[in-house]
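Have a look at the structure below before the remarks.
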Amino acid sequence: MDDDPAKGHDDRTTFDQRLAAARNRAGLDKPKPVAEPQADGPNPFSLAMRLGAEMVASLVVAVAIGYGLDRLFHSSPWFMIGFVPIGAAAGLRNVIRVMGPAKKD
């Protein structure tokens, strides 16, 4: 084998050049596009969908708990009637929390 130290440096330089050229051809050295931040805040449609889902989910959970307790204690429909306002209050609390002022860091 040829152990010439001067030749090793040249091989390293040509390898680095060939590697850089291959990375450029493959598109690996291109900067990633940066998404532009939204100046208006969140999308109104996504916010409306989230608020609707918060209300529906809290009511569904409350009705399910009330129905389960009614089945367990054979007291139909009293627990369900009692848990519907609790679910509505939880949903409204979540909506108010989401729509409230944003925390400033």
Side-chain angles (χ1 to χ4, degrees):
M1 291 205 141
D2 190 14
D3 291 331
D4 185 17
K7 186 176 180 184
H9 179 69
D10 289 337
D11 288 343
R12 175 70 181 193
T13 305
T14 59
F15 173 75
D16 289 341
Q17 290 171 347
R18 288 183 291 142
L19 180 62
R23 288 181 64 86
N24 283 336
R25 279 193 308 269
L28 297 175
D29 289 336
K30 293 180 183 176
K32 294 180 181 177
V34 177
E36 296 179 18
Q38 293 181 347
D40 301 341
N43 184 0
F45 181 71
S46 66
L47 183 63
M49 292 297 290
R50 178 179 175 190
L51 296 177
E54 294 270 354
M55 283 297 297
V56 169
S58 63
L59 282 171
V60 166
V61 168
V63 167
I65 291 172
Y67 180 76
L69 289 174
D70 280 335
R71 297 275 297 186
L72 182 65
F73 296 117
H74 304 291
S75 63
S76 186
W78 297 111
F79 279 110
M80 193 181 319
I81 290 171
F83 272 89
V84 166
I86 293 171
L92 286 174
R93 180 185 170 276
N94 287 338
V95 167
I96 290 169
R97 182 179 48 87
V98 169
M99 293 300 295
K103 292 181 182 178
K104 294 182 181 179
D105 291 331

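Please read these numbers as outputs of a predicted model, since none were measured by experiment.
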message: Is there a path of hydrophobic side-chain contacts, each under 4.5 Å between heavy atoms of I/L/V/M/F/W/Y residues, joining Leu69 to Ile86?
response: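 The answer is yes; both residues are in one hydrophobic cluster.
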- request: Treating Ile, Leu, Val, Met, Phe, Trp and Tyr as nodes and any side-chain heavy-atom pair under 4.5 angstrom as an edge, say whether Val63 and Val61 lie in one connected cluster.
  value: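 Shared cluster, no.
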- request: Taking side-chain contact (heavy atoms from CB on, under 4.5 Å) as the test, write out the residues that go with Val95, two or more places apart.
  value: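 Checked Val95 against side-chain contact (heavy atoms from CB on, under 4.5 Å); matches are Leu51, Met55, Met99.
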message: Show the nearest heavy-atom pair for residues Ala62 and Gly87, with the distance to one decimal.
response: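 The pair with the smallest heavy-atom distance is CB-CA, 3.5 Å.
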field: For Glu54, the option from Asn94, Leu59, Leu92 that meets side-chain contact (heavy atoms from CB on, under 4.5 Å)
entry: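 Checked Asn94, Leu59, Leu92 against Glu54; only one passes side-chain contact (heavy atoms from CB on, under 4.5 Å): Asn94.
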message: I need the full list of ring-ring contact (aromatic ring centres under 6.0 Å, His included) pairs touching residues 55-81, with sequence neighbours left out, sorted by first then second residue.
response: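 Only Phe73-Phe79 qualify under ring-ring contact (aromatic ring centres under 6.0 Å, His included).
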Residues forming a side chain to side chain donor-acceptor pair (under 3.5 Å) with Ser76, sequence neighbours excluded: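 By the side chain to side chain donor-acceptor pair (under 3.5 Å) rule, Ser76 matches no residue at all.
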field: Any residue meeting side chain to side chain donor-acceptor pair (under 3.5 Å) with Arg50, in chain and number order, not counting sequence neighbours
entry: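 Per chain and number, Arg50 pairs via side chain to side chain donor-acceptor pair (under 3.5 Å) with no residue.
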Would you mind listing the cluster partners of [X]? Hydrophobic ones only (ILVMFWY), side-chain contacts under 4.5 Å, chaining allowed.
X	answer
Val56	Val60
Ile96	none
Met49	Phe45

field: Inter-residue atom distance Arg18.CZ - Thr13.OG1, 0.5 Å rounding
entry: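 Answer for the CZ-OG1 pair, Arg18 versus Thr13, is 11.0 Å.
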- prompt: Quick one: OG1 on Thr14 to CG on Leu19, what's the gap to the nearest 0.5 Å?
  reply: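 Between Thr14 OG1 and Leu19 CG, I get 11.0 Å after rounding to 0.5 Å.
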query: Going by the salt bridge (Lys or Arg N to Asp or Glu O under 4.0 Å) test, which pairs reach into residues 67-96, not counting sequence neighbours?
result: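 Qualifying pairs, neighbours excluded: none.
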